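Okay, so here's the structure we're looking at.
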Amino acid sequence: MLDIGFLELMLIGIVGLLVLGPERLPKAARTTGLWIGKIKRTVSGMQREISAQLEAEELRQKLNEQQKKLDDSLKKAKQDVESIADAPSSRSSQTPAQDDATEQRVASASARLDDALQTVRDDAPAPSDKADHQKDSNPQ
């Protein structure tokens, strides 16, 4: 922030002593210190809020991406199930080879659905202790 060295502080102290006098200088220094402390606390509070908002937005984006992946996978699985459900009308005239192909399609659709659900579970962000800690340490 501000880079104030020893010489600058001594110069400010001497000017303050000359302008304010020895009786009012300690009170003015204390008041200045209190104001600087308030400003620093306000700035750090704003920085914490901004970083929390950015983290929340990042989590929302990840959640939306996972939701899209899940929706796509479920749509594919639904199409596979519907195509299999449309086939039973001709099931009575199917040969064993066609039955095996239908079973393979069902197994494939089921595997894709399981893979999609597992991917969503693996990629989902775990609830962090950091958010819980922030709630606990921020009494209102």
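Source: prediction; values computed, not measured. Throughout, residue positions are numbered sequentially from 1 according to the sequence presented.
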Query - CG-CG distance between Asp71 and Asn64, expressed to the nearest 0.5 angstrom - result: 10.0 Å
Report summary line: With sequence neighbours left out, the residues meeting salt bridge (charged side-chain N to carboxylate O under 4.0 Å, His left out) with Arg60 are Glu57
Quick one: side chains of residues 7-25, donor-acceptor pairs under 3.5 Å with protein atoms, not counting sequence neighbours, listed by atom name and distance.
from: Glu8; atom 1: OE1; to: Gly5; atom 2: N; distance (Å): 2.9
from: Arg24; atom 1: NE; to: Leu20; atom 2: O; distance (Å): 3.3

Report summary line: Between the NZ atom in Lys69 and the CG atom in Leu74, the distance rounded to the nearest 0.5 Å is 14.0 Å
**Report entry** Spacing of CD1 belonging to Ile36 relative to OG1 belonging to Thr31, to within rounding of 0.5 Å
**Finding:** 11.0 Å
**Report entry** Short side-chain to backbone donor-acceptor contact, Ser73 and Leu70, under 3.5 Å
**Finding:** no
Report summary line: When rounded to the nearest 0.5 Å, the distance separating NZ of Lys68 from CD of Gln66 is 11.5 Å
Query raised in the report: Can you list the residues that meet the salt bridge (charged side-chain N to carboxylate O under 4.0 Å, His left out) rule with Glu58, with sequence neighbours excluded?
Result: Lys62
